[in-house]
Amino acid sequence: MASTGHRRIGIFGGSFNPIHLGHTELARQIRTVAGLDEVWLVVSPQNPLKPVGSLLSDQLRYQMARIALHGESGIRAVSYEFNLPRPSYTWNTLQYLGSLFPDCEFSLIIGADNWCSFQNWRQADDIIANYDILVYPRQGYDVDAGNLPKRVALIQMPLYNVSSTMIRSRIQQGLGAKGLVAPAIEPLLKTLYT
């Protein structure tokens, strides 16, 4: 991976609906393995692939992410995409962050599931040409590490089989989310999903 002496920031985007310990652990591990200075969890206002209206409010998801990451070193939640046109596209986000933080070098962090459909992303070729992409494993999605473009790397790390959908479902069923989300947001999730 290229190094220019700039601060290296990993961009880990998602709806975080809600944020869970799988997100935090992924960010921690990727930060260490890839030698990043920080990982920014970019809370997305609207994923182009998800139905409109299926998310908690933007500010609520952002505030929950901030609370969940309180005291976490080198990982923070950011809301920069809230300032961009919707739906939010990763290329626009990367360009916007580059204009705000010209002293930073941004890498994109995505799951193997997203990499397998990456050619469908807006400006996919431009992203691949201009940014390092760090791909983490997802169950059911095989990525051939030997067949990746130059700036794309498969990060070897454990699979985290926890999802926001699973957490919402568990809370709705009265099973709770203990051990799956930060204790600081667990009571709030019960009020939101039951």
Check the hydrophobic clustering (I, L, V, M, F, W, Y; side-chain heavy atoms under 4.5 Å; chains of links allowed) and say if Ile171 and Leu175 are grouped together. no
For Leu55 and Ser44, work out which heavy atoms get closest and say how close. CD1-O, 4.4 Å
Ignoring hydrogens, what is the shortest heavy-atom contact between Ile185 and Ala68? Give both atom names and the distance. CG2-N, 4.1 Å
Quick one: pull up CG in Leu56 and OG in Ser15 and give me the separation to the nearest 0.5 Å. 9.5 Å
Cut-off 3.5 Å, no hydrogens considered: what does the side-chain donor-acceptor table look like for residues 31-42, sequence neighbours left out?
{"residue": "Arg31", "atom": "NE", "partner": "Asp37", "partner atom": "O", "Å": "3.0"}
{"residue": "Arg31", "atom": "NH1", "partner": "Ser73", "partner atom": "O", "Å": "3.4"}
{"residue": "Arg31", "atom": "NH2", "partner": "Asp37", "partner atom": "O", "Å": "3.2"}
{"residue": "Thr32", "atom": "OG1", "partner": "Arg28", "partner atom": "O", "Å": "3.1"}
{"residue": "Asp37", "atom": "OD2", "partner": "Arg8", "partner atom": "N", "Å": "2.6"}
{"residue": "Glu38", "atom": "OE1", "partner": "Arg7", "partner atom": "NH2", "Å": "2.8"}
{"residue": "Glu38", "atom": "OE1", "partner": "Trp40", "partner atom": "NE1", "Å": "2.8"}

Residues Thr93, Trp91; criterion side-chain contact (heavy atoms from CB on, under 4.5 Å); working and verdict: CA-CA 5 Å; Thr93 303; Trp91 173 252; over 6 Å; no
Worked verdict on Asp144 versus Asp142 for side-chain contact (heavy atoms from CB on, under 4.5 Å): CA-CA 7 Å; Asp144 178 1; Asp142 291 327; over 6 Å; no
Give the intermediate values and the outcome of side-chain contact (heavy atoms from CB on, under 4.5 Å) for residues Arg168 and Asn17. CA-CA 8 Å; Arg168 292 193 303 270; Asn17 189 40; 3.4 Å; yes
Test item: Leu94 and Gln123 side chains (from C-beta on) under 4.5 Å apart, heavy atoms: no
Do other residues, nucleotides or ligands put more than 12 heavy atoms under 6.0 Å from the CZ atom of Arg76? yes
Among the clusters formed by ILVMFWY side chains lying less than 4.5 Å apart, do Ile109 and Leu159 turn up in the same one? no
Are Glu105 and Asp132 side-chain neighbours, meaning at least one heavy-atom pair lies under 4.5 Å? yes
Show the nearest heavy-atom pair for residues Ala27 and Ile75, with the distance to one decimal. CB-CD1, 3.7 Å
Roughly how far, to the nearest 0.5 Å, is the CG atom of Asn114 from the OH atom of Tyr141? 9.0 Å
Are Cys104 and Leu97 close enough that some pair of their side-chain heavy atoms sits under 4.5 Å apart? no
So do the side chains of Tyr96 and Leu100 get within less than 4.5 Å of each other, counting heavy atoms only? yes
Within this structure, what is the CD-OH distance for the pair Gln95 and Tyr131, rounded to the nearest 0.5 Å? 4.5 Å
Can you tell me how far CD1 of Ile11 sits from OH of Tyr80, rounded to the nearest 0.5 angstrom? 9.0 Å
Rounded to the nearest 0.5 Å, what separation is found between the CG atom of Asp58 and the CD atom of Gln63? 11.5 Å
Note: Arg86 and Pro45 closest approach over all heavy atoms is CZ-CB, 3.4 Å
Less than 4.5 Å apart, any side-chain heavy atom of Phe118 and any of Ile128? yes
Is the Phe16 ring parallel, tilted or perpendicular to the Phe12 ring (thresholds 30°, 60°)? perpendicular
Do Thr90 and Ile110 make a side-chain contact, defined as non-hydrogen atoms from C-beta onward lying under 4.5 Å apart? no
Compare every heavy atom of Arg170 with every heavy atom of Gly176, then report the nearest pair and how far apart it is. O-NE, 3.0 Å
Gap between atom CZ of Arg138 and atom CG of Asn161 - 0.5 Å precision: 8.0 Å
Going by the side chain to side chain donor-acceptor pair (under 3.5 Å) test, name the single residue among Gln29, His23, His20, Gln139 that passes it with Tyr160. Gln29
Grouping I, L, V, M, F, W and Y whenever their side-chain heavy atoms are under 4.5 Å apart, do Leu21 and Ile19 come out in a common cluster? no
Within the 4.5 Å heavy-atom criterion, are Ile133 and Trp115 side-chain neighbours or not? yes
For Ala184 and Pro187 the tightest heavy-atom approach is O-CD, 4.1 Å
With a 4.5 Å heavy-atom cut-off, do Leu26 and Met157 have their side chains touching? yes
If you apply the rule side-chain contact (heavy atoms from CB on, under 4.5 Å), what do you find for Ile167 with Tyr193, and how did you get there? CA-CA 10 Å; Ile167 287 162; Tyr193 293 121; 5.7 Å; no
